[in-house]
Amino acid sequence: MDISISMIAVSALASFVACFFSALAGGGAGLILLPILIISGLPFINALASHKLAVGFIGIGSTLRYAREGLIDWRIFWWNALLGAPFVVAGTLFASALDQNLMLLLAGCFILLMAAVSWLKKSSGLQHTPTIGKRQVIIGSLLLIPIAFYSGWISVASGVFTTMIYLYLLRFDQLHATAMTLAANGLVWNAIGAIAHLSLGHIHWEIAPGLVFGAVTGSYLGAALGIKQGNRFLKQVFLVSAVISGAVLVYKAL
């Protein structure tokens, strides 16, 4: 298909906006970027591939900013990134053999439930008291495996699940949880999906530079705003993002 100048501009702007808010909420870029790319005229597979390319670079901008503030625990980063990587690949390979609607419904309901718990528990995500023992690592590993599989399979809102692990299991505050999710999922998990689509030729190279530029700059500036505003602001953004993510997933499943 022919790629117009307006489509290049729209895709770059959409990538910037989606990755800016994703850097604040710890995920959810696909809820903004994917529909806009489809509406702009891209076939679904090319829109999905373009979305993967953008979020594959979201970790660069946000991680650079968060790392400057010392918000990345690199030991936990490698645990999250490397443990999940093979299951992201598995989710991509087995996507066609699974009941997508059922998983969308379950994922959406779980996100809405956790958002309600977080809203009722006013203090969650406001204090950084990391608890990382053998028990937390084992439970976290068992949770990361299906989340990584889901990330490779459906992708949308997978970062919300990872952020919840940091908040409720490892007792990170909202700022550290967001930073860790954007770093590990963005730099490794999303990059795997982007590379797969690149190898399959699903990405139109005319829009790739704008997508990458929008993702890097949007995620960097979003991270900078999150650091400036602090935990209470980030928690509000996260809750709104989680409710929207959960509702959209349930709607798609029904």
Side-chain angles (χ1 to χ4, degrees), residues 1-66 81 85 88-89 91-93 95-96 100 104 148 150-160 181-225 241 244-245 248-249 252:
M1 65 175 292
D2 294 328
I3 302 297
S4 64
I5 296 296
S6 61
M7 185 178 293
I8 294 173
V10 167
S11 63
L13 179 60
S15 179
F16 175 89
V17 173
C19 294
F20 178 86
F21 284 106
S22 182
L24 289 172
L31 297 172
I32 299 173
L33 182 56
L34 187 59
I36 291 177
L37 291 174
I38 294 173
I39 292 171
S40 70
L42 284 179
F44 176 78
I45 188 61
N46 301 113
L48 179 62
S50 299
H51 154 65
K52 278 292 187 182
L53 177 66
V55 297
F57 281 86
I58 193 173
I60 296 176
S62 58
T63 302
L64 284 173
R65 190 65 184 87
Y66 285 130
V88 172
V89 175
T92 303
L93 294 176
S96 60
Q100 179 172 314
L104 284 173
Y150 173 85
S151 178
W153 173 27
I154 298 174
S155 180
V156 176
S158 59
V160 175
T181 293
L182 268 294
N185 291 30
L187 287 176
V188 181
W189 290 13
N190 291 335
I192 291 173
I195 291 170
H197 283 292
L198 282 170
S199 66
L200 294 171
H202 292 159
I203 295 174
H204 289 288
W205 287 104
E206 298 94 329
I207 66 174
L211 289 170
V212 172
F213 178 77
V216 173
T217 55
S219 59
Y220 183 91
L221 294 175
L225 178 62
S241 175
I244 294 174
S245 299
V248 169
L249 292 178
K252 285 181 176 292

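Throughout, residue positions are numbered sequentially from 1 according to the sequence presented.
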Task: Qualifying residues under side chain to side chain contact (heavy atoms under 4.5 Å, CB included), relative to Phe16, sequence neighbours excluded - done: Thr217, Leu221
Task: side chain to side chain contact (heavy atoms under 4.5 Å, CB included) partners of Ala191, counting only residues at least two apart - done: none
Task: Between CG on residue Leu53 and CH2 on residue Trp205, distance to nearest 0.5 Å - done: 7.5 Å
Open item on the list: Please find the pair of heavy atoms, one from Gly61 and one from Ser219, that lie closest to each other, and give the distance.
Closed with: CA-OG, 3.3 Å
Task: For Ser11 against Leu211, the heavy-atom pair lying closest together - done: O-CD2, 3.6 Å
TODO: Sequence neighbours left out, what pairs pass salt bridge (Lys or Arg N to Asp or Glu O under 4.0 Å) with at least one residue falling in residues 187-203?
DONE: none
- [ ] Kindly give the heavy-atom pair with the smallest separation between Cys19 and Gly214, and that separation in Å.
- [x] CB-O, 4.4 Å
Task: From Asn185 atom CG to Ser151 atom OG, the distance as rounded to the nearest 0.5 Å - done: 6.0 Å
Task: Partner residues of Leu187 under the side chain to side chain contact (heavy atoms under 4.5 Å, CB included) criterion, sequence neighbours left out - done: Ile60, Thr63, Phe77
- [ ] Quick one: list whatever passes side chain to side chain contact (heavy atoms under 4.5 Å, CB included) with Ala85, sequence neighbours left out.
- [x] Val188, Ile192
